[in-house]
Amino acid sequence: MNSSRPYLLRGLYEWIVDNDCTPHLLVNAEMPNVQVPAGYVNDGQIVLNISPSAVRHLHMDNQGVSFEGRFGGVAHSLYIPSEAVMAIYARENGQGMVFEIEPPVAEGAAGPDDDGPSGGEPPRPAGRPSLKVVK
């Protein structure tokens, strides 16, 4: 099953903007394929203002978030894979969502105990659900 993170990111982004708030992303800048200005990374993380007035060419799809932004007056092209987004929230009130770390899953790969469905029943999900309450 596809990760729900990119879908939640897009929905929460729209919700924050529709409520006249400023959407911010908290990003793990140390994850593979993250392209952000290194000089603005602090403790391996960066907070990005992704409001329509702060960025150009914002594109959010199932793989990641890309846009052009200015840092210290210099334009940069940024790319953040979906799994590198740690949180999305409104600057004004902090409402949004924090995401749990998702282990990378190779397509079509079976886990060590995954023999596939037996007896016609789907396998039971492992672990705790990662639902968050959004007010």
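Treat the numbers as computed from the prediction; the structure is a model and nothing was measured.
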Is there a side-chain contact between [X] and [Y] (heavy atoms, below 4.5 Å)?
X	Y	answer
Val65	Tyr13	no
Pro23	Val17	yes
Asn62	Arg10	yes
Val98	Tyr89	no

Give the minimum heavy-atom separation between [X] and [Y], together with the two atoms involved.
X	Y	value
Asp61	Ser82	O-OG, 3.9 Å
Asn28	Val34	O-CG2, 3.6 Å
Asn33	Tyr79	O-CD2, 3.4 Å
Leu9	Leu25	CD2-CD2, 4.1 Å
Leu12	Met97	CD1-CB, 3.6 Å
Pro37	Leu78	CD-CD2, 3.9 Å

Cluster check Tyr40, Ile50: I/L/V/M/F/W/Y, side chain < 4.5 angstrom:
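In one cluster with Tyr40: Ile50, yes.
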If hydrophobic clusters are built from ILVMFWY residues whose side chains come within less than 4.5 Å, do Ile16 and Tyr7 share one?
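Ile16 does not cluster with Tyr7.
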Can you measure from [atom1] ([X]) to [atom2] ([Y]) and round to the nearest 0.5 angstrom?
X	Y	atom1	atom2	result
Ile80	Met86	CD1	CE	13.5 Å
Glu83	Phe99	CD	CZ	12.5 Å
His57	Glu68	NE2	CD	4.5 Å
Glu30	Ile46	CD	CD1	12.0 Å
Leu48	Leu26	CG	CG	9.0 Å
Arg70	Asn49	CZ	CG	14.5 Å

Would a distance-only check, ignoring hydrogens and angles, find a side-chain to backbone donor-acceptor pair under 3.5 Å from [X] to [Y]?
X	Y	result
Asn19	Cys21	no
Arg5	Glu100	yes
His24	Thr22	yes

Taking everything shown except Asp18 itself, do over 12 heavy atoms lie less than 6.0 Å from its CG?
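Counting neighbours around CG of Asp18, more than 12 heavy atoms of other residues, nucleotides or ligands fall under 6.0 Å, so yes.
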May I ask you to decide if the ring planes of Phe71 and His76 are parallel, tilted or perpendicular, using 30° and 60° as cut-offs?
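Aromatic pair Phe71/His76 classed perpendicular.
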